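A quick write-up on the structure given underneath.
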Amino acid sequence: IRQSHCKHADEIFRRQCINIAFFNKEGEKTEELERVTINADELTDLPFMVGKKKPDAILLNSGDWGYGHFILDKESIEVFEQSLSKVGDNLDRSVIISQFVFMMHQLEYPAVYFPKVMHQIADEKNQNLIDSVWNALRQAQLSLLPLETVPKFNKECADFFFAKAKNEA
């Protein structure tokens, strides 16, 4: 695991204990490693991972144990853009959404792609998760999107939330 410093933060590596979850392409958790120690160094080797089959998606900080800015890798982004709604654990769904949001704020995940995450909450009942996505969409619209993309973005978001409200009425 590679640890790096957030932009505009102190440059201190911290020792942490996190959970790491593995998911298949359908968003099902296939394994969870609990209480994995991350050293106060840039790199932490995980020798127990040698020889394991690479999962389709990895969630660092499963269960929200750690404190930090955890980045989803390209493969995990692709899996969760398509199957976030199928992640069974509410807290893991929240952690994944938060990671997308933080990555968007740090310009590590393009705001124009965030509607992919939005569409994954079509059947979501947890109002906190819905609010989190709504707030991220508003922030994207107000400050992160190129101006020429805002009208299409606004229409897609409005259509989505009107349909969601209609389905829940």
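Keep in mind it's a predicted model, so treat the numbers as computed, not measured.
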Minimal non-hydrogen separation, [X] against [Y], with atom names:
X	Y	result
Val95	Asn61	CG1-O, 3.7 Å
Asp56	Val79	O-CG2, 3.5 Å
Met118	Leu137	SD-CD1, 3.7 Å

Check your understanding: Are the side chain of Ser76 and the backbone of Ile58 linked by a donor-acceptor contact shorter than 3.5 Å?
Key ->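 A pair under 3.5 Å: yes.
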Check your understanding: Is a side-chain donor or acceptor of Gln120 paired with a backbone partner of Gln82 at a separation under 3.5 angstrom?
Key ->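 It does hold such a pair.
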With a 4.0 Å cut-off on N to O distance, would you call [X] and [Y] a salt bridge?
X	Y	value
Glu42	Arg2	yes
Lys25	Glu78	no
Lys29	Asp92	yes
Lys164	Glu124	no
Asp159	Lys155	yes

Just checking, is any N or O donor in the side chain of [X] or [Y] under 3.5 Å from an acceptor N or O on the other one?
X	Y	answer
Asn24	Thr30	no
Asn135	Gln139	no
Asn154	Gln141	yes

Point to revise | is_close_aromatic(Phe80, Phe23), centroid dist under 6.0 Å | key: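 So the answer is yes for these two rings.
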Practice item. Show your reasoning for whether side chain to side chain donor-acceptor pair (under 3.5 Å) applies to Glu81 and His119. Key: CA-CA 9 Å; Glu81 283 176 339; His119 287 288; over 6 Å; no
Practice item. Taking atom NZ of Lys52 as the centre, report whether more than 12 heavy atoms of other residues, nucleotides or ligands fall under 6.0 Å from it. Key: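 More than 12 within 6.0 Å, yes.
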